[in-house]
Amino acid sequence: MNWKTEIQLNDLDNNQKLELTCILCGHSHYEKPDSLKQQGGMDFLYLDEVEKHLCCTRPYCKGRVKLAILYTQDTEGFVGGLS
């Protein structure tokens, strides 16, 4: 078991980004969980099942994609100084 078989699409925050990369051509694009839920029937699917349902968005490719979760945290730069 891995993280893709343990996390459902509903478990993710709607503002979180998912990176979908084509295995054949290498094209990648980003989706948000709420846009995938609107495609219908994917609400309660685990991420490995979502990965199987999706394909490359590049014209004439339609290859399988691999899914990755992007963790974007608002970080602030180091604000230290010499005294």
Pairs touching residues 24-39 that satisfy salt bridge (charged side-chain N to carboxylate O under 4.0 Å, His left out), sequence neighbours left out: none
Minimum heavy-atom distance between Thr21 and Ser28, given as atom pair plus value: OG1-CB, 3.5 Å
Distance in Å, Tyr46 OH paired with Gln8 CD, rounded so as to fall on 0.5 Å steps: 4.5 Å
Leu9 and Leu47, any side-chain heavy atoms less than 4.5 Å apart: yes
Candidates Leu70, Asp11, Ile69 - the one meeting side chain to side chain contact (heavy atoms under 4.5 Å, CB included) with Gln16: Ile69
NE2 on His27 to CG on Leu20, rounded to 0.5 Å: 9.5 Å
Distance in Å, Tyr30 OH paired with Leu18 CG, rounded so as to fall on 0.5 Å steps: 11.0 Å
Identify all side-chain donor-acceptor contacts of residues 50-61 below 3.5 Å with residues at least two apart in sequence or on another chain.
| from | atom 1 | to | atom 2 | distance (Å) |
| --- | --- | --- | --- | --- |
| Glu51 | OE2 | Lys4 | NZ | 2.7 |
| Glu51 | OE2 | Leu67 | N | 2.7 |
| His53 | ND1 | Glu49 | O | 2.8 |

